[in-house]
2 protein chains.
Amino acid sequence: MDVRRLELLRELAERGSVTEVARATHRTPSAVSQQLRILEREAGLPLTEKAGRGIVLTDAGRALARSATDVAVAISRASALWDEFRNDPTGEVSLATFPTGGQMLLPGTIRRLDAVGGLILHASDRDPESDDFPGLTADFDIVLAHTASPAATNWPAHELAAVKLMTEPLDIALPPGHPLASKELLDPEDLIGERWIGVPWGYPFERTIHDISAAAGSPMNVVQRFGDTRVTEAFVAAGLGIAILPCYTAGGAYRSEIVLKNLRGVVAERHIFALMRPDRAERLAVRTVVDALRAEADAVVAANEHRNPPRA
Amino acid sequence: MDVRRLELLRELAERGSVTEVARATHRTPSAVSQQLRILEREAGLPLTEKAGRGIVLTDAGRALARSATDVAVAISRASALWDEFRNDPTGEVSLATFPTGGQMLLPGTIRRLDAVGGLILHASDRDPESDDFPGLTADFDIVLAHTASPAATNWPAHELAAVKLMTEPLDIALPPGHPLASKELLDPEDLIGERWIGVPWGYPFERTIHDISAAAGSPMNVVQRFGDTRVTEAFVAAGLGIAILPCYTAGGAYRSEIVLKNLRGVVAERHIFALMRPDRAERLAVRTVVDALRAEADAVVAANEHRNPPRA
DNA sequence: ACGTCCATGTAGGGACTCTACAGCGACGCC
DNA sequence: GGCGTCGCTGTAGAGTCCCTACATGGACGT
């Protein structure tokens, strides 16, 4: 019935507790509870049930919450339409990113947006280890996320809008004096017996290292695990092991002390996406930022293709 | 921004005046005017302009009104979803129909709906001559309309939901003693020189009579024009001319005094539709009525096919 | 047993939107 | 041209609705 109450139910479905919804919507828990109660009375059937200290949605509640998304999308679309009429993509957009994504894309994106003007982008980076990136879409308009294989993500595909920004190859990073540094292309078998600087459990590259093991027919020897590529690069530069790194961002302060080599026989790449709640994806300001991100991503790919032509 | 205000703008787009919107939404014109003013301030650009005593929408206003339809559809859909959860297609549904459509379909439809229970259908008939049937969708949930050629209607296709109910053949009605009454099938040429009991200008059958003239190569001689088929039937029964009549409803009190003949060489049929505003079409109660109408229409067609097998 | 956390009631204040009434320009009729 | 009608808009006030502040009560952990 009432749209604002439906919206509240949707927030509850995403955040899971009255208190969280209250905080996100700048209300007291009491206000949220009252509105949900009214909604439940209107609906004529229970939407929530108690679960320990908190509450959980019933099946009916979840179904209604899902339909609330469609309502929110329609409203956002209407709102965007009249922003278009004023030709006015003004507003504030919040964005969360993993560190290397922000490093690679955001400066150029901001420069592109400044050329348009009137749009404020609040960006911040998140720890890939501790944060649930799809879940961040509840609090950020745009979330940059990466995955080794889009098909294998557990992203709720129909609850989230996902825009592909780019595919970035993953390269093998070696110290300059390493015996393999003279080879043009590396094969998985070359890497047997090497000491690896890996990533924490659950990181996207983990899967790629696993694929290399499978292709080589021998497990890889991961001796260190770092989430921050700067640490990984320092270790590789110091000759303490080899690593897998995204090729457009790898190097940094150590660019002269690290050699990057392509790998054949294994699909080694990461896919970078912009994730959004579908209603937020409709906002004109958000769409403008996503367009800038896509343009910047294309530019980064083009610049690197030029330096480093595509492999077979 | 605000859904209720958007809805008001949509009503204004359909009804064309603040006073009409106020009447339809049970408000004072002042309230409507105030809300539109607020919406205009929020939109940041003029949505209406003065035109004589009244106002008209600007291009921007019309565009916003159109997007308001999508919002209304999403809300109706959400509302219907939870009616489905309660398995409760309760509510009141209003319906307007042309007379022969109501005569043919409504008694059976009501009987079907009574079997479900809890649903109240308010039906009324409208004069096909004086009423704008698509426009009636502003005031009725369902409007039954007929047309000789669906492609040639001026119905605003994307603003209205149209559900095809049935196609009804149009037959030539003759007095029993008429020379043509002995023929199995009539050809357009047979009808040259006959006196016709026609329909008022603008009625659907008018087009069919025109097609017959074209096929016969000679204009038909329309001497009387009646909107009500009972008058037409009385004239035919009295031997005062021939007419074209929808075959499932023709006859009535005069069934024994009228002969119906199929016509070949001309597409003589009318198509019966249920027209609805798209948001209303989503309501569960409305969908239930439409389903009953479709079932009844199919039954009518089947019953008549049985009596009168399909022609070549 | 006690503190904490979370949801939910109650009372009251504030914002919003409606009605009643009046004003004003446009149109048409005489 | 005067005058009545029609339609939109402004102002003041009343009613409704929603939110905050505060209190209550159940669930969990120590």
Side-chain angles (χ1 to χ4, degrees), chain A residues 1-58 60-62 64-65 68 71-72 75 79 135 138, chain B residues 1-58 60-62 64-65 68 71-72 75 79 135 138:
Chain A
M1 200 71 139
D2 182 85
V3 176
R4 300 184 59 221
R5 281 192 266 266
L6 259 189
E7 191 60 26
L8 236 45
L9 185 68
R10 189 161 85 98
E11 291 287 348
L12 182 63
E14 282 197 24
R15 300 180 192 270
S17 89
V18 172
T19 308
E20 269 303 299
V21 173
R23 178 161 32 232
T25 60
H26 309 105
R27 273 182 272 225
T28 58
S30 178
V32 174
S33 181
Q34 288 174 55
Q35 294 305 310
L36 289 175
R37 193 177 141 65
I38 294 172
L39 188 66
E40 189 158 317
R41 188 164 50 72
E42 285 177 347
L45 39 80
L47 301 176
T48 61
E49 7 179 67
K50 297 184 187 276
R53 280 190 276 209
I55 59 173
V56 292
L57 287 173
T58 61
R62 258 188 302 279
L64 280 194
V71 175
I75 293 173
S79 185
Chain B
M1 199 71 138
D2 183 84
V3 175
R4 301 182 59 222
R5 282 193 267 266
L6 259 189
E7 191 59 27
L8 236 44
L9 185 68
R10 188 162 86 99
E11 290 288 348
L12 182 62
E14 282 198 24
R15 300 180 192 270
S17 88
V18 172
T19 308
E20 269 303 299
V21 173
R23 176 160 34 231
T25 59
H26 309 105
R27 274 182 270 225
T28 57
S30 178
V32 175
S33 180
Q34 288 174 56
Q35 294 305 311
L36 289 175
R37 194 179 141 64
I38 294 172
L39 188 67
E40 189 158 317
R41 188 163 50 72
E42 285 177 347
L45 40 78
L47 300 176
T48 62
E49 13 179 61
K50 296 185 187 276
R53 278 190 279 210
I55 60 173
V56 293
L57 287 173
T58 60
R62 257 188 303 279
L64 279 194
V71 175
I75 293 172
S79 185

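Only this structure's heavy atoms are used, side chains among them; waters, hydrogens and symmetry mates stay out. Throughout, a chain's letter reflects where its sequence line sits, starting with A, and its residues are numbered from 1.
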Mind checking whether A:Leu8 and A:Arg27 have side chains closer than 4.5 Å, heavy atoms only? yes

In whole angstrom, give the distance that lies between atom NZ of A:Lys50 and atom C1' of D:dA27. 10 Å

Measure the distance from CZ on B:Arg37 to P on D:dT9 and round it to the nearest whole Å. 9 Å

How would you list all residue pairs meeting salt bridge (Lys or Arg N to Asp or Glu O under 4.0 Å) that involve [range], not counting sequence neighbours?
range	result
residues 43-58 of chain A	none
residues 8-24 of chain A	A:Glu7-A:Arg10, A:Arg10-A:Glu14, A:Arg10-A:Asp279, A:Glu11-A:Arg15, A:Glu11-A:Arg277, A:Glu14-A:Arg277, A:Arg15-A:Asp139, A:Glu20-A:Arg23
residues 35-45 of chain B	B:Arg5-B:Glu42

Go through DNA chain C in 5' to 3' direction and return only the first and the last nucleotide with some atom under 4.0 Å of chain A's heavy atoms.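 Counting from the 5' end, contacts occupy C:dT4 to C:dT10.
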
Given the rule in the side chain to side chain contact (heavy atoms under 4.5 Å, CB included) test, do B:Leu39 and B:Asp2 qualify, once you have shown the distances and angles that lead to the verdict? CA-CA 8 Å; B:Leu39 188 67; B:Asp2 183 84; over 6 Å; no

Residues passing the salt bridge (charged side-chain N to carboxylate O under 4.0 Å, His left out) test with B:Arg4, sequence neighbours excluded, are none

Between protein and nucleic acid, restricted to nucleotides 15-24 of chain D and to nitrogen or oxygen atoms under 3.5 Å apart, what atom pairs and distances do you find?
| residue | atom | partner | partner atom | Å |
| --- | --- | --- | --- | --- |
| D:dC18 | OP1 | A:Arg5 | NH1 | 3.3 |
| D:dC19 | OP1 | A:Arg4 | NH2 | 3.2 |
| D:dC19 | OP1 | A:Arg27 | NH1 | 2.4 |
| D:dC19 | OP2 | A:Gln35 | NE2 | 3.3 |
| D:dT20 | OP2 | A:Thr28 | N | 2.9 |
| D:dT20 | OP2 | A:Thr28 | OG1 | 3.0 |
| D:dT20 | O4 | A:Gln34 | NE2 | 3.2 |
| D:dA21 | N6 | A:Ser30 | OG | 3.1 |

Nucleotides 3-5 of chain D: which of its N/O atoms have a protein N/O under 3.5 Å away?
| residue | atom | partner | partner atom | Å |
| --- | --- | --- | --- | --- |
| D:dT5 | O2 | B:Arg53 | NH1 | 3.3 |

Kindly write out the residues that satisfy side-chain hydrogen bond (donor to acceptor under 3.5 Å, both in side chains) with A:Ser33, not counting sequence neighbours, or none if the list is empty.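 In terms of side-chain hydrogen bond (donor to acceptor under 3.5 Å, both in side chains), with neighbours along the sequence ignored, A:Ser33 is linked to no residue.
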
With sequence neighbours left out, write down each residue that passes side-chain hydrogen bond (donor to acceptor under 3.5 Å, both in side chains) with B:Thr19, or none if nothing qualifies.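 So B:Thr19 forms no side-chain hydrogen bond (donor to acceptor under 3.5 Å, both in side chains) with any residue.
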
Can B:Leu47 and B:Leu36 be said to form a side chain to side chain contact (heavy atoms under 4.5 Å, CB included), step by step? CA-CA 8 Å; B:Leu47 300 176; B:Leu36 289 175; over 6 Å; no

With sequence neighbours excluded, residues passing side-chain contact (heavy atoms from CB on, under 4.5 Å) with A:Ile55: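 Partners of A:Ile55 by the side-chain contact (heavy atoms from CB on, under 4.5 Å) criterion, ordered by chain and then number, come out as A:Leu12, A:Val18, A:Thr48.
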
